[in-house]
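For reference, the structure is listed below as structure tokens.
These values consider heavy atoms only, across backbone and side chains, with no hydrogens, waters or symmetry-generated copies. Residues: numbered from 1 along the sequence shown.
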Amino acid sequence: MSAHQYDEGHTVAGWTGFGIATVGSTVAGVGVCLVSAPLIGGGLGIVVVSVLVTWALHLAGWGKPPGRRDREQWGMRARDPLARAGHPGCVGCRLAGRGRAAQVQVQEYGVVPVPRESAPVGETAG
């Protein structure tokens with residue numbers, strides 16, 4: 001058993017969003033130092049783009065929901081097989097119209113996900 005069961009943000013979506021937001025924050029910071037409204041606005045615009053890119057990557061399966069997951073899903077390059085159905089309690093999935101119910105039948109993989117807080121590590125209801 002590893003202590004690394006909760007790997008929040010260790011995803012392609014998380015790191016991509018972080019990188020873009022860092023650039024946006026840097027541009028906005030330079031704009032503050034130079035007292036330049038266009039740079040501040042541009043930096044804030046880049047931060048908004050980072051949110052949208054992260055959200056799109058999450059919906060495409062490159063982000064993972066919070067909580068425990070199987071060992072095969074710990075790697076950063078592992079895609080989330082349940083992303084298409086939506087994650088229970090995920091605001092991003094709800095905004096996209098996914099994950100309305102706590103239990104969703106996923107036809108592609110033949111599993112029924114249960115809410116993350118009640119599922120033991122490595123098990124899915126079925």
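Looking at heavy atoms from C-beta onward, T54 lies out of side-chain contact with T16 at the 4.5 angstrom threshold. Under the 4.5 Å side-chain criterion, counting only non-hydrogen atoms from C-beta, W62 is not in contact with D80.
Here the shortest heavy-atom pairing between C93 and H58 reads SG-NE2, 3.5 Å.
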CA sep, side-chain torsions, deciding dist, call: T11, W15, side chain to side chain contact (heavy atoms under 4.5 Å, CB included) = CA-CA 6 Å; T11 64; W15 281 108; 5.9 Å; no
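The side chain to side chain contact (heavy atoms under 4.5 Å, CB included) test applied to S25 returns V47, not counting sequence neighbours. Scanning for side chain to side chain contact (heavy atoms under 4.5 Å, CB included) contacts around A21 gives S50, with sequence neighbours left out.
Under the 4.5 Å side-chain contact rule for hydrophobic residues, V53 and L44 do not share a cluster. The hydrophobic clustering, which links ILVMFWY residues whose side-chain heavy atoms are closer than 4.5 Å, places W55 and V91 together.
No option in L34, V32, V27 other than L34 meets the side-chain contact (heavy atoms from CB on, under 4.5 Å) test with V30.
In this structure, R98 contributes its side chain and L59 its backbone to a donor-acceptor pair below 3.5 Å.
Rounding to the nearest 0.5 angstrom, the gap separating the CG atom in L52 from the CD1 atom in I20 is 10.0 Å.
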